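Everything on this sheet refers to the single structure shown next.
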Number of protein chains: 2
Amino acid sequence: MATIKDVAKKANVSIATVSRILNHKEGYTEETRKKVLQTIEELGYHPNGVARGLISKRTNTIGVLVPSISSMIVSEMVSGIENVAHQTGTSVIVCHTESNGKKTMQYLHLLKEKQVDGIIFTSEILKNEYYEFLNKFNIPVVLLSSESINLPVPHVKVDDRLAAYHATEYLIKQGHSKIGMVSGNRQDMIAGLPRIEGFKMAMEMNQVPLSESLIVSGRGFSFKDGSEAFEKLISAHPELTAVFAASDEMALGIISKAHKMNIDIPGRLSVIGYDNLAISEMSIPPLTTVAQPMLKMGESAGEMIMNMINTGTVPENCIVSHKIVERESVKKIN
Amino acid sequence: MATIKDVAKKANVSIATVSRILNHKEGYTEETRKKVLQTIEELGYHPNGVARGLISKRTNTIGVLVPSISSMIVSEMVSGIENVAHQTGTSVIVCHTESNGKKTMQYLHLLKEKQVDGIIFTSEILKNEYYEFLNKFNIPVVLLSSESINLPVPHVKVDDRLAAYHATEYLIKQGHSKIGMVSGNRQDMIAGLPRIEGFKMAMEMNQVPLSESLIVSGRGFSFKDGSEAFEKLISAHPELTAVFAASDEMALGIISKAHKMNIDIPGRLSVIGYDNLAISEMSIPPLTTVAQPMLKMGESAGEMIMNMINTGTVPENCIVSHKIVERESVKKIN
DNA sequence: CGACTCTACGTAAACGTTTACTGAAAGGGT
DNA sequence: ACCCTTTCAGTAAACGTTTACGTAGAGTCG
């Protein structure tokens, strides 16, 4: 395999010159540049990124930690990250952590050993342990679709509380006043609690009757969780005309279960979801839902981490805006 | 940042000894081992993978090239790959190539520069240009859910023709004799043509009437493609009682369109899909489909590439078995 | 007790780059 | 003609490891 030395020898110059040419520094004539470039061509030489990384302390690689939640929700964000990373010749190592925290620490070690330039934490809370590790080694971090209350780590996310507020308000504006919520895990400080709060807030602000029994939460945010939680909800509150689901998958679970129970959607029951996954336009009926711009969020996170790496500064948090995409699962009533 | 030198100095040994201890070679007493391990702990030393990679010519990193097709179909395979990779401390760089071929070559260059130990090509045909490049630099490759007729590159995939044959035969066994197919891109030598062939073969072998107009193909394999192709198919052949869709997404498109046209599924029309994506159990009705064991395929491909890397030998191809998972979108008739 | 074999460890080269430093030649001003 | 500056280019150190080779001391054996 040809190295920079081979090129230098064959072109009758020093390796320094070759390096300079490759890196577009100055200090050579157009003539030698041509000559070197040509022998590079002849030799089929490609620079060795590992050697470069060793001395430059930059690997042009970032790590992304994602939990093994719905692959659908994650893959778009990762695409966004890759989009901006690849523009600068940076590549992305994705690590799927199980909810199990031990694996996360392992991956952190792995990524540190690989000398990644930065790490993006996705949809996962940043434990102190993780932060200390990263901080100790000066590895830039950004949180994507997550946040940290106490640690000085920048994040990009949508305002879940506000989005849930809007979703609920949307239902109310369509004339609904008997509204329930199928929530995700209440313990989840990122996607669980805030959405519940937003729901409650919208109900209260609009003087819609609200009781705790109108909110039933699942174990997670999955299809099955949604389906099961909905069953409880609807049997306790058969009068409901609308439901806010904390995720699209849950909304699909609701639709599926409702179908089995012969509850027409949106005829008798309206459903609004949360996420705007690709599948939400494939459902019957197509799902009205609040859209998180996953791709854009990924891109923002990518840009943030790149900035941190390049400038060493800590950027501002980025709250991206959600919007409600209206399809056919919510009916206007009255 | 602590290096091996710091450890050596503080522990009063040479760097060689530290290295030997770290790599579990022989040549030191238990006593010195303890001492070194302890100072490693004290210093918070972590080995630098880049430096190691430079000399050992192994980066413990593999690249995975995936086309930007349905993210759903891809993410499981990637998970499989990661599963086996991570077991040996290897990490995975995923590159999303657009169908556009130029980007693929770019990524190949990137991955070569990063000195990945091997590359997995997913759902993409291996052009000669790619192969030559990889071959020139001796980078192991395996094809996942793809194959090459003329190039000596091992692959893992299901037998698409056979699987399509079985899917069609399944329909026939349920009593259907008026069967159409909504196929993907005919030009696609991997997932397009073979599935059509399998369909035809099953029809012929079972003496079910077959005409070219019973097969209408979409541009790709998407929801929309399925929906559009189905519209054409059903208007030309309103007598159909069953359809074989070349992908689950297409099947969902069919179901959705059928719903709009007031065609009951499976009451009046049975549908069988292909892929067994997560969403196929979320549809109404839940989709009967051909399951490709994506996760397992990813794992097999991962194992194959690891083998190639470690032994330098070329493993056998791996044809994994599909199976039909029966849900509720196909009705038995007569 | 000398020769020989192990064992435990150190020395230094190598991996393929980047870059600070140095130097030579050329050009320009007086 | 001399000095100063600029431009082009080479030398060598450094990055943090692994590893081939060398060596000193301890143990074994006749």
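Numbered from 1 within each chain, the chains take letters A, B, ... in sequence-line order. All values derive from a computational prediction rather than experimental measurement.
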message: What I want to check is whether the side chains of A:K114 and A:T61 have a donor and an acceptor closer together than 3.5 Å.
response: no

What integer distance in Å separates [X]:[atom1] from [N]:[atom2]?
{"X": "B:K25", "N": "D:dA20", "atom1": "NZ", "atom2": "C1'", "value": "11 Å"}
{"X": "B:K9", "N": "D:dG16", "atom1": "NZ", "atom2": "C1'", "value": "14 Å"}
{"X": "A:R52", "N": "C:dC15", "atom1": "CZ", "atom2": "P", "value": "19 Å"}
{"X": "A:K5", "N": "D:dA12", "atom1": "NZ", "atom2": "C1'", "value": "12 Å"}
{"X": "A:I15", "N": "C:dG16", "atom1": "CD1", "atom2": "P", "value": "11 Å"}
{"X": "A:E31", "N": "C:dA25", "atom1": "CD", "atom2": "P", "value": "17 Å"}
{"X": "B:D6", "N": "D:dT17", "atom1": "CG", "atom2": "P", "value": "9 Å"}
{"X": "A:K35", "N": "D:dC8", "atom1": "NZ", "atom2": "P", "value": "14 Å"}

query: So which of A:E42, A:K35, A:E41, A:K34 actually passes side chain to side chain donor-acceptor pair (under 3.5 Å) with A:Q38?
result: A:E42

5'-most by nearest nucleotide on DNA chain D - B:R20 or B:H46: B:H46

A:E124 CD to A:L65 CG distance, which is reported to the nearest 0.5 Å: 6.0 Å

message: To the closest 0.5 Å, what do you measure between CZ (B:R52) and CG (A:L54)?
response: 12.5 Å

field: Plane angle bin for A:H46 and B:F137 - parallel if under 30°, tilted between 30 and 60°, otherwise perpendicular
entry: perpendicular

Given [options], the nucleotide with the shortest approach to the side chain of [X]:
{"X": "B:L54", "options": "C:dC9, C:dT18, C:dG16", "value": "C:dG16"}
{"X": "B:T32", "options": "C:dC9, C:dG10, C:dT18", "value": "C:dC9"}
{"X": "B:Y28", "options": "C:dC9, D:dT17, C:dT17", "value": "C:dC9"}
{"X": "A:I55", "options": "C:dA14, D:dA14, C:dC9", "value": "D:dA14"}

Sugar-phosphate only, base, or nothing, as touched by A:N12 at under 4.0 Å among non-hydrogen atoms: sugar-phosphate

- prompt: What nucleic acid atoms does B:V13 come within less than 4.0 Å of, heavy atoms only: base, sugar-phosphate, or nothing?
  reply: sugar-phosphate

Phosphate oxygens OP1/OP2 of [N]: is one of them under 4.0 Å from a side-chain N or O of [X]?
{"X": "A:T17", "N": "D:dC8", "value": "no"}
{"X": "B:N48", "N": "D:dC15", "value": "no"}
{"X": "B:K57", "N": "D:dT18", "value": "no"}
{"X": "A:T3", "N": "C:dG16", "value": "no"}
{"X": "A:S19", "N": "C:dT19", "value": "no"}

